[in-house]
Amino acid sequence: MPGVATPESLRTLPTDEIRQLLWRLSDRYAHQLLIQSARAVARGPVARLVAAGQRHSHDWTPEKAALLQEFDAAGLTSVYLDPEHGGFIDGPKNLALALVAFELAWVDAGAATCSLAGHLALAPIHERGTPEQRAFYLSRTLPAQPGEDRQTWRGAFCLTEPIPYVGVETGLLNGKLRVDSWDGAEPMLRVEKRGRFITNMGFATFVTAAVDSDDERIKGSCMVVLEETDPGVFDRGTPTRKLVHQLSSTNDPIFSLTVPASRIVGGYTVENGVIVPRFSHGEVIEAVFRRTRVTVGLMTAAKLLSAVEPVLRYQRTRFRGGESIAPGSPRYELGLQQREDAIHRLVDIWAAGEASASIGFATARLFDELDPIERRKQEIFAERGIAGARAQMRAMAKISDEAVAHLRDPQAKPADELVNYALLDSVANVLCPAVKLWNTGQGATMMREAVSLMGGYGITEDCPGFLGYKWMDSQLEATYEGPEAVQRRQLSITMTNDVFLAQFHFWTREMRAIAARRPGTGACTIASAMQLWSWTLAHLQRTADANGAKLYQGNRQGVTFPLADALCWLLAARCQILDVLELEARAAERPDLADVSAGYVAFLSDLCHVQAARAAGEAGRICTELVYGYRRHPSWDDACAAGCCQSEAADALEGLIPGFGASAVTYMDVIEADGAHPDKAGPCVRFPALQTFQRLRAKLDGCLTGARLAKDRAADALTKVMIPEAPDYPA
């Protein structure tokens, strides 16, 4: 681009070495091997299935079923298993599962969902099951090893139920559980459940199903494990006629089975002749979804980043082949990239993809850190005799002040294990729904942009990179494991947690400090937007609208939901900046990256700046609407007119201050003697109590300085970056 200087910039698309530094994988060799295994399956068998048209059928075909063996052979089936059950990754698996989903969704999200659904079925057993349940089911899902003659068990997770209860509504169940027989030994239970939109049902060996008590001898709800050989009806149902994710098996099953009470996930006790499950279905689901939602968010992030290379290739080759387009001419070499609009829009897509991947992997790493601490918290509570969700909540509330006090020296490791848990848990409770909400919602919007950049090619089956399919798939990912309203509802509660807000204020100062030494990253912009968001939240929490109704409250979703959206933008942009700083620091220790790291850092910093400006703009718009939008606009009634300048008074002051009359008409609302007034809706509004907000908003607008120059530099880099001669998977 004319006049744009690019001393250091992108030479090739980010390599695995760069991604490993960005996403903190460089020291995790098991994860690097897993990436290569998942990538080989995705860009081999999965891509060939899509190219062969297997997405055109709702049915679970033999060709699709062959993917299961590919998953087994690549080790993807056993990622979730602990070493004692045959797995190969010790410790938490959140990041490992996220990487598998990312690689598979790079090509097809249906294949990723098929892989993950088995892990989702095991998750209730892994997180809340008894030792016996874990040993039994986890070991059977391990693929048969050489010399073994046994079937590999595969699972399905059954929560969603038919209309009118369709959707992830944890408080409503029509699946029922009754005592079938109880003759002194273990009770036998009758399970009646109709599922809807259940993934893996075409081949599941067992199902973890949510049911509610329909018997006074059973207390509350629970999750129960059903097996295909249990006596009764195990009807897999008809395939769901969904428009997306056709490489996964999705059915509407019917169960009417008799199972022993030992199948209740987590076990049970008998109190006064009543079966009391150890965990309600809601407690089990919460433990499962708070982790797996992150993985779904990363599936959409993979789509955005996978779209960059196909769009680049299309833009550059758009005019090649025409008789009048000579090789070496700008039109031949650059194609559509001669035009600023095309490359600016691709910069936006790439920046959004980087931000969504950064917040997704940051959250997956956070859960890996949190998991052992959460188990230790449960042990501490057991030692102290603190049982039950409410009792534990009260106990943690007493820890909050200590956790906030700890943030005076946030670099110091908390001495108290529960304080450490409170700090991490408060952030995880926000980041988890934020990843799911922002990555899938905004990701779907940006995928539409990617498809539109391919012109009519984008909505054909021949579109390179399967972008049209990915655009449609992203719509479903915004619904999986709780639609957007569910995520916004959770965020509106967790983002006001005192421990989280204390850390958020610390992050604001952190961004300021980063801006001082790296002004080109957009950190200053994010810091100003975070400050504006914090002020707006506090203002809304203590303010009523023009009708006297409290603004920030549970049912005021017109207030809480947009503020949650604004927070997501800021969190994603912050994670993106931190990742680039990590790359810069770690790459400096790598002699093998000495020649290229500066270019990657410069380009990705420009993407950070671009994304920071977009995030700050969205947050500023939302905050401004909420602060001003619930105040009634003044009108020309007597009360408001009393605050205006009367023409007689202006004329009188004209004698004392020459020119006052003309100035008053320009800068004030003047009412004439006959009551006439300026032709507009009402007197100009004044906000004497909002001067701080106005100052913060003006500062934020000024912080956008340089953002467009960063976009110009990034766009220029896109015209020069080298890409492979051909795609690395069929399309």
Donor-acceptor pair, distance only, cut-off 3.5 Å: does the side chain of [X] make one with the backbone of [Y]?
| X | Y | value |
| --- | --- | --- |
| K550 | R556 | no |
| R11 | D595 | yes |
| W438 | S356 | no |
| D716 | D712 | no |
| K436 | Y480 | yes |
| N547 | A549 | no |
| R590 | R586 | no |

Under 6.0 Å from the [atom1] atom of [X], do we count more than 12 heavy atoms belonging to anything else shown?
| X | atom1 | answer |
| --- | --- | --- |
| N555 | CG | no |
| R708 | CZ | no |
| W350 | CH2 | yes |
| R621 | CZ | yes |

Sort out for me which residue in L305, L312, I18 forms a side-chain contact (heavy atoms from CB on, under 4.5 Å) with L13.
L312

For D348, the option from K711, E449, Q611 that meets side-chain contact (heavy atoms from CB on, under 4.5 Å)
K711

For [X] and [Y], work out which heavy atoms get closest and say how close.
| X | Y | answer |
| --- | --- | --- |
| C568 | L437 | SG-CD2, 3.8 Å |
| V685 | P634 | CG1-CD, 3.1 Å |
| Q315 | A342 | NE2-O, 3.3 Å |
| N429 | T494 | O-OG1, 3.2 Å |
| G353 | A301 | O-CB, 4.4 Å |
| S492 | T560 | CB-CB, 3.6 Å |

Output yes when [X] and [Y] qualify as a salt bridge under the 4.0 Å nitrogen-oxygen rule, no when they do not.
| X | Y | result |
| --- | --- | --- |
| E584 | R518 | yes |
| R365 | E369 | no |
| K720 | E333 | no |

Determine, step by step, whether L476 and D473 satisfy the side chain to side chain contact (heavy atoms under 4.5 Å, CB included) criterion, reporting the C-alpha distance in whole Å, the side-chain angles of both residues, the deciding distance to 0.1 Å, and the verdict.
CA-CA 5 Å; L476 179 57; D473 284 350; 5.9 Å; no

Anything under 30° is parallel, anything over 60° is perpendicular, the rest tilted; go ahead and classify F102 against W106.
tilted

Could you check whether the rings of F693 and W535 sit parallel, tilted or perpendicular, using 30° and 60° as the cut-offs?
tilted

Any chance you could lay out the salt bridge (Lys or Arg N to Asp or Glu O under 4.0 Å) test for R290 and D425, step after step, and finish with the verdict?
CA-CA 11 Å; R290 73 182 308 218; D425 187 58; 2.7 Å; yes

Are [X] and [Y] close enough that some pair of their side-chain heavy atoms sits under 4.5 Å apart?
| X | Y | answer |
| --- | --- | --- |
| K470 | L304 | no |
| T363 | L298 | no |
| R695 | Q691 | no |
| F289 | Q490 | no |
| Y630 | L540 | no |
| L25 | L95 | yes |
| H539 | L690 | yes |
| H31 | Q20 | no |

Can you find a side-chain donor-acceptor pair between [X] and [Y] that sits under 3.5 Å?
| X | Y | answer |
| --- | --- | --- |
| Q503 | S426 | yes |
| D371 | N94 | yes |
| D579 | S358 | yes |

Test applied, salt bridge (Lys or Arg N to Asp or Glu O under 4.0 Å); reference residue, R19; option that passes from E354, E103, E582:
E354

Which is it for M472 and V451 under the side chain to side chain contact (heavy atoms under 4.5 Å, CB included) test, yes or no, and what are the steps along the way?
CA-CA 10 Å; M472 292 189 291; V451 170; over 6 Å; no

Could you give the distance from CG (L581) to CD1 (I514), rounded to the nearest 0.5 Å?
5.0 Å

Start with the C-alpha distance between W533 and M495, add both sets of side-chain angles, then the distance that settles side chain to side chain contact (heavy atoms under 4.5 Å, CB included), and finish with yes or no.
CA-CA 11 Å; W533 184 90; M495 70 186 187; 3.7 Å; yes

How far apart are the C-alpha atoms of I349 and V311, what are their side-chain angles, what is the distance that settles it, and do they pass the side chain to side chain contact (heavy atoms under 4.5 Å, CB included) test?
CA-CA 10 Å; I349 293 167; V311 174; 5.7 Å; no

With sequence neighbours left out, write down each residue that passes side chain to side chain donor-acceptor pair (under 3.5 Å) with T300, or none if nothing qualifies.
E477

Might you work through the side-chain hydrogen bond (donor to acceptor under 3.5 Å, both in side chains) test for R512 and S528, ending with a clear yes or no?
CA-CA 8 Å; R512 292 269 183 237; S528 295; 3.2 Å; yes

